[in-house]
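Chain A is the first sequence line, chain B the second, and so forth, proteins listed ahead of strands; every chain is numbered from 1.
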Number of protein chains: 4
Amino acid sequence: MRLFSVKGYKGASIAQIEKAAGLSPGAGGLYRHFESKEAVLAAGISRHLDRLDALRDVRQAMGTLVELDAQLEATARYFLDELDSQTELLQILASEIRQSPALLGAAVNQLIESTYASFAEWLQDAAGPGLDAERARTISTIALGSLLSTRLLRNVLGVTSASVEDDEIISSWVEVVRFLLDR
Amino acid sequence: MRLFSVKGYKGASIAQIEKAAGLSPGAGGLYRHFESKEAVLAAGISRHLDRLDALRDVRQAMGTLVELDAQLEATARYFLDELDSQTELLQILASEIRQSPALLGAAVNQLIESTYASFAEWLQDAAGPGLDAERARTISTIALGSLLSTRLLRNVLGVTSASVEDDEIISSWVEVVRFLLDR
Amino acid sequence: MRLFSVKGYKGASIAQIEKAAGLSPGAGGLYRHFESKEAVLAAGISRHLDRLDALRDVRQAMGTLVELDAQLEATARYFLDELDSQTELLQILASEIRQSPALLGAAVNQLIESTYASFAEWLQDAAGPGLDAERARTISTIALGSLLSTRLLRNVLGVTSASVEDDEIISSWVEVVRFLLDR
Amino acid sequence: MRLFSVKGYKGASIAQIEKAAGLSPGAGGLYRHFESKEAVLAAGISRHLDRLDALRDVRQAMGTLVELDAQLEATARYFLDELDSQTELLQILASEIRQSPALLGAAVNQLIESTYASFAEWLQDAAGPGLDAERARTISTIALGSLLSTRLLRNVLGVTSASVEDDEIISSWVEVVRFLLDR
DNA sequence: AATGAATGAGCTTTCATTCAT
DNA sequence: GATGAATGAAAGCTCATTCAT
């Protein structure tokens, strides 16, 4: 997966993968373990997805925190950390989604959709019955999106310049979510 | 550029590019016009960048609008439209940045950095002297990031599920920026 | 011919030849003047051969000299000079003779055979009736060959090391030819 | 090496080499054994050079012969035979020396220089202290050159016409060397 | 289970040659 | 007479995949 993320699916040759796996490069030993190159990618994606169950429920980040601000801050940090730990997967998805939509489409949707939905649900719980589902969904999109964009820019698009500190982002982000909830 | 964005740099063969350009595929006619395959990409990136001057100054979207809400809404719509019109470029950047950082690095930074900086400046103008540069930069990152993420998800990562309507996003986004400015 | 001698027939492209001839490279302007690439080589060879009439008669080198030693020395110097001035042709012949034997075979034979024969005749004249044709031919081969080899080594095989001065060679060579004649 | 000598380095395609080696032409199977086309030539040259140790010491040709004439005749025949057996190498050298001077330069010098030097040393031994090194070197150049030229003409330049029999050449050549030594 | 070797297909690039302008 | 452009063919080389050992 590291090779796929760095060199792209086409750019990572079977020989390189074999070498990285401790097999003799170019000997085809990989085919004892995978049916084809595409199966290697599929298996890698699948393994990444298994680890993603965690991200699906952003709520768990809050643990036993009771204060809203603390809950939100924990959520933000957890979300950013999870995105960072999934950098390889995101890079592969961004590169190959248009070549293998069937294989990768499910992965993206699982990664993003369930996270957004989970946070929307939490928002509704936190705000009480005054917040309808659609609006909760909108707030979730805006709120998580502003965090997500920092990671997509840095980890996927390779933007290095002019980044704002995470602490700055998070403290303003907490205010914004509070504001959106209170309204 | 369409071929590069759909199939990736390695996946788009010279023969396919020639065919798409009306040349006989595989005959190398392209080399009368470009020195190498990489030069084709460089020229395409360069041409895209020339068109990006518009995006650099998000302020121009507001035109003669005087009311703050209207200004912000125009800005949001303009930003989203520009991102949509640069879909190809974003897809290529996301796919190839790790292979050709020298060639593409400038493009990403020009596209993103100048836009963020420009919006931060506008925020300072709108908020008056109470808003320092660092905080303006933070707000710009959060605000534009939440819009940007919708486009990166849809256009780059291919996320199709569960998108919220632009109108919903924008109306909440305007409120958020107002809140951040007023505080 | 310079290009052919330096890069070989295959290595010298039509575009390079056009450029060297002041035509725009790759435009095919050369085909107004020659029917094919091979015709360019043929014309070049032909032009070189026209200049070779001189070499055919080594006798002319001696001019009005009467003393045998002086005649021989003049012959040797003339022969070496001619070989040097035909370096390009020799390089091309050595490189391409096996590809275009029909085209180039005549050239080599004209260059060498007539020279050897001419010197053999002169030897017979100089030695008087005691020297039969076959032996004159043998002496010519040995004598001219020892001069020729220095040029083939240096100009065709690119041997740079350990060459003996021409003056040394020539003075011993004159002695050798005298010895062969006198016997 | 046969292909290189007949068609030249550029003219011998990888596909032809593969075919000649029993591989399926154009499949690139050769690249499992050589890094590049140039490496094939380098390996071939290197293998030829290993066999050239013999030629370096022309003295060995004389074996236990005691009579000078017999020694010289054996030397001449040995030298001519070695040159004939290195025809391929000489043809390649003559064709490609100007394209790959680094690769081939060593080969020519090893082939020629050491042979000339070795014969010069033998001449000094045979003539006694009256023959200084420079003159021995000159004689070596003239004597071996006259033999060499017959092979370069025939094997490298493809001259077919008017060759003198080896026996004729050798018998006169022995006389010449004797004369040069005795003087 | 692993490897050296092989192969069909395809890649980027070069080139001799042609041709409308 | 010269040129920009085009093209069929072929070059060197890479690679996913197969297979006997």
Side-chain angles (χ1 to χ4, degrees), chain A residues 3 7-19 21-41, chain B residues 3 7-19 21-41, chain C residues 3 7-19 21-41, chain D residues 3 7-19 21-41:
Chain A
L3 282 169
K7 312 198 158 194
Y9 177 74
K10 283 220 148 192
S13 73
I14 293 285
Q16 288 167 340
I17 297 170
E18 286 172 334
K19 195 173 180 184
L23 295 174
S24 100
L30 177 143
Y31 288 91
R32 279 267 153 194
H33 306 277
F34 298 93
E35 250 203 3
S36 66
K37 188 180 183 182
E38 206 177 347
V40 179
L41 177 58
Chain B
L3 282 169
K7 312 198 160 197
Y9 177 74
K10 282 217 145 190
S13 74
I14 293 285
Q16 288 167 341
I17 297 171
E18 285 172 335
K19 197 171 180 183
L23 295 175
S24 90
L30 178 142
Y31 288 91
R32 170 115 345 220
H33 307 278
F34 297 93
E35 257 203 358
S36 64
K37 189 181 181 183
E38 204 176 350
V40 179
L41 176 58
Chain C
L3 282 169
K7 312 196 160 198
Y9 178 75
K10 282 220 147 193
S13 73
I14 293 285
Q16 288 167 340
I17 297 169
E18 285 172 335
K19 196 173 179 183
L23 294 174
S24 98
L30 177 142
Y31 288 91
R32 281 267 153 193
H33 307 277
F34 298 93
E35 251 202 4
S36 65
K37 189 181 181 181
E38 206 176 348
V40 178
L41 176 59
Chain D
L3 282 169
K7 312 200 159 196
Y9 177 75
K10 282 216 145 191
S13 73
I14 293 286
Q16 287 166 342
I17 297 170
E18 285 172 334
K19 199 172 178 182
L23 296 175
S24 90
L30 178 143
Y31 288 93
R32 169 116 345 221
H33 307 276
F34 297 93
E35 256 203 0
S36 64
K37 189 183 181 181
E38 205 177 348
V40 179
L41 176 58

Nearest-angstrom distance from the residue atom CG of D:Leu30 to C1' of F:dC15: 16 Å
Protein-nucleotide distance (C:Lys19, atom NZ; F:dA2, atom P), rounded to Å: 18 Å
For D:Lys10, side-chain contact (heavy atoms from CB on, under 4.5 Å) partners two or more places apart: C:Lys10
OP1 or OP2 of E:dA6 under 4.0 Å from side-chain N/O of D:His33: yes
B/S/- contact track for nucleotides 16-21 of chain F, protein heavy atom under 4.0 Å: SBBB--
Between E:dC15 (P) and C:Gln16 (CD): distance, integer Å: 7 Å
Distance in Å, A:Ser13 OG paired with A:Lys37 NZ, rounded so as to fall on 0.5 Å steps: 7.0 Å
Between E:dA16 (P) and C:Leu23 (CG): distance, integer Å: 15 Å
Of D:Ser24 and B:Gly11, the one whose closest DNA chain E nucleotide lies more 5': D:Ser24
Minimum heavy-atom distance between A:Ile17 and A:Ala12, given as atom pair plus value: CD1-O, 4.3 Å
Sequence neighbours left out, cut at 3.5 Å: what donor-acceptor pairs do the side chains of residues 22-33 of chain B make with other protein atoms?
residue: B:Arg32; atom: NH2; partner: C:Gly26; partner atom: O; Å: 3.1

Flag if over 12 foreign heavy atoms under 6.0 Å of CD, D:Gln16: yes
Degree of bending, the helix from E:dA2-F:dT21 to E:dT21-F:dA2 (end axes from five pairs; round to 10°): 10°
Atom-pair distance (CZ on C:Phe34; C1' on F:dG1), nearest Å: 14 Å
